[in-house]
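Here is the structure we will look at.
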Amino acid sequence: RIHARARKQVHRAGIQNAIMQTYSHLLLAWTLSGPLQQRWADEDGETATGRCLIPSFCQKGFIVGSFLPDAPLILITLACLLLDLILDSTQFTARLFSDWYFHNPWIKAAHNMFHSPITLLFMITASLIFWRRRSSRNAAGNNFSSSPSSSTSAFCFWLFMSCLFHTLCDIPVHHDDGPLIFFPINWNYRFESPLSYYDPDYHGRAFAIVEHSADGFMVLWKVWWRCCQVKTRNNIRRVENDKMCSRTNVELSSLVVPPTGDIV
């Protein structure tokens with residue numbers, strides 16, 4: 001059953017609701033990926049032997065998973081916009097957000113396939129089991145030529161973990177048009193949050209200010225993080241060059257031929 005209030009909210013949100021501030025999810029994943037990758041590089045030295053509990057951090061999977069849950073609805077929205085443009089109408093986009101979003105089973109399935117915690121936990125478990133079996137076979141055969149962090153199972157594990165993080169961020173900021181919590185078991189239940197990321201009746205304006213301020217902060221912090229990485233890399237390269245020059249000078253000094261004695 002769809003509430004009249006929910007229909008009005010989603011219809012008013014329009015394209016904004018389809019995009020669902022996906023760029024904020026992408027910025028957050030992009031910001032977290034640096035420290036997470038650094039932490040795994042510093043503390044997880046035994047990943048290649050297959051003895052750790054989860055795969056090494058996969059940045060590509062984590063980044064892709066940050067926007068994957070929103071991708072189906074964005075594509076459907078673009079298709080509706082194209083049809084409206086061709087037919088010079090707004091009926092498809094209007095029906096998408098006022099009716100199909102809540103009632104059409106194909107739209108609901110496409111939108112909640114990577115939004116439902118149940119489906120994502122299943123996918124995470126399956127990818128983790130597959131990764132552990134593969135790591136165990138590699139460890140048994142002493143085959144460490146390929147790191148599990150670059151394997152397909154590790155990529156999928158971090159992709160689905162990022163999707164789960166995405167939906168856990170979405171659920172508290174949708175009043176009554178959020179993800180289906182128990183999909184595919186229950187196709188109707190949505191958590192009714194007192195907060196909405198876009199609806200001014202539920203603190204949408206205040207949340208938008210906080211959200212976009214956080215976006216700006218994450219961009220600045222990521223630039224600072226990148227500058228620190230470049231500076232550290234340059235310092236390491238400078239130290240290595242100094243060591244190489246010192247080693248070369250020592251080798252050259254050892255090649256000096258001592259003076260020979262007088263020839264009789």
Subject >> ILVMFWY cluster, Trp221 and Val210 together (side-chain gap under 4.5 Å) >> reply: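 In one cluster with Trp221: Val210, no.
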Subject >> Hydrophobic cluster identity match, Leu75 and Leu159, side-chain contacts under 4.5 Å >> reply: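 No; tracing contacts between hydrophobic side chains, which count when under 4.5 Å, never links both residues.
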Have [X] and [Y] got a donor and an acceptor in their side chains that come within less than 3.5 Å?
{"X": "Tyr198", "Y": "Asp177", "answer": "yes"}
{"X": "His166", "Y": "Asp70", "answer": "yes"}
{"X": "Asp170", "Y": "His115", "answer": "yes"}
{"X": "His212", "Y": "Tyr23", "answer": "yes"}

**OP:** Check step by step if side-chain contact (heavy atoms from CB on, under 4.5 Å) holds for Lys231 and Arg226.
**Re:** CA-CA 9 Å; Lys231 184 177 180 180; Arg226 181 63 178 172; over 6 Å; no
Is there a side-chain contact between [X] and [Y] in this structure, where contact means two heavy atoms from C-beta onward sitting under 4.5 Å apart?
{"X": "Val219", "Y": "Leu27", "value": "yes"}
{"X": "Ile63", "Y": "Ser33", "value": "yes"}
{"X": "Leu26", "Y": "Thr22", "value": "no"}
{"X": "His174", "Y": "Leu195", "value": "no"}

**OP:** Go through the structure and list residues passing ring-ring contact (aromatic ring centres under 6.0 Å, His included) with Phe130, not counting sequence neighbours.
**Re:**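 Once residues adjacent in sequence are excluded, Phe130 has no partner under the ring-ring contact (aromatic ring centres under 6.0 Å, His included) criterion.
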I need the minimum non-hydrogen distance between [X] and [Y], along with the two atoms involved.
{"X": "Phe207", "Y": "Ser196", "result": "CB-O, 4.1 Å"}
{"X": "Lys222", "Y": "Trp30", "result": "NZ-O, 3.0 Å"}
{"X": "Thr167", "Y": "Pro117", "result": "CG2-CG, 4.5 Å"}
{"X": "Pro184", "Y": "Thr119", "result": "CD-CG2, 3.5 Å"}
{"X": "Ser66", "Y": "Ala29", "result": "CB-CB, 3.4 Å"}
{"X": "Asn186", "Y": "Asn188", "result": "OD1-N, 2.8 Å"}

Original post:
Taking ILVMFWY side chains as joined if any heavy atoms are under 4.5 angstrom apart, and letting links pass through other members, which residues group with Trp187?
Top reply: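 Its cluster mates, by chain and number, are Leu180, Phe183.
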**OP:** Starting from Tyr189, walk the hydrophobic network (Ile, Leu, Val, Met, Phe, Trp, Tyr; side-chain heavy atoms closer than 4.5 Å) and list everyone else you reach, by chain and number.
**Re:**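 Direct or chained contacts put Tyr189 with Ile118, Ile171, Ile181, Phe182, Ile185, Phe191.
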Subject >> Partners passing side-chain hydrogen bond (donor to acceptor under 3.5 Å, both in side chains) against His203 (at least two apart in sequence or in another chain) >> reply: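 His203 satisfies side-chain hydrogen bond (donor to acceptor under 3.5 Å, both in side chains) with no other residue.
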**OP:** Under the side-chain hydrogen bond (donor to acceptor under 3.5 Å, both in side chains) rule, collect the residues that match up with Ser24, sequence neighbours excluded.
**Re:**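 Glu211, Asp215.
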**OP:** Quick one: do His25 and Phe67 satisfy ring pair (Phe, Tyr, Trp, His ring centres under 6.0 Å)? Show the steps, please.
**Re:** CA-CA 7 Å; His25 291 288; Phe67 63 83; over 10 Å; no
Check for a donor-acceptor pair, side chain of [X] on one end and backbone N or O of [Y] on the other, with a separation under 3.5 Å.
{"X": "Ser116", "Y": "Asn112", "value": "no"}
{"X": "Ser193", "Y": "Pro172", "value": "yes"}
{"X": "Arg205", "Y": "Pro200", "value": "no"}

Just verifying a value: how many Å separate [X] [atom1] and [Y] [atom2], rounded to the nearest 0.5 Å?
{"X": "Leu36", "Y": "Cys58", "atom1": "CG", "atom2": "SG", "answer": "12.0 Å"}
{"X": "Arg95", "Y": "Thr90", "atom1": "CZ", "atom2": "OG1", "answer": "12.0 Å"}
{"X": "Ile129", "Y": "Ile124", "atom1": "CD1", "atom2": "CD1", "answer": "12.0 Å"}
{"X": "Lys108", "Y": "Leu73", "atom1": "NZ", "atom2": "CG", "answer": "13.5 Å"}
{"X": "Phe165", "Y": "Trp158", "atom1": "CZ", "atom2": "CH2", "answer": "11.5 Å"}
{"X": "Gln37", "Y": "Phe57", "atom1": "CD", "atom2": "CZ", "answer": "6.5 Å"}

**OP:** Test side-chain contact (heavy atoms from CB on, under 4.5 Å) on Met161 and Phe62 and set out the steps.
**Re:** CA-CA 7 Å; Met161 285 289 290; Phe62 196 73; 5.5 Å; no
Subject >> ring pair (Phe, Tyr, Trp, His ring centres under 6.0 Å) assessment of Phe157 paired with Trp131 >> reply: CA-CA 8 Å; Phe157 174 82; Trp131 174 82; 7.8 Å; no
Original post:
Residues two or more places apart in sequence or in another chain: which of them pass side-chain contact (heavy atoms from CB on, under 4.5 Å) with Cys80?
Top reply: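 Cys80 satisfies side-chain contact (heavy atoms from CB on, under 4.5 Å) with Ile76, Phe92, Thr93, Leu96, Trp100 only.
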**OP:** Quick one: sort the Phe160 and Phe114 rings into parallel, tilted or perpendicular, breaks at 30° and 60°.
**Re:**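 Parallel, since the angle between the ring planes stays under 30°.
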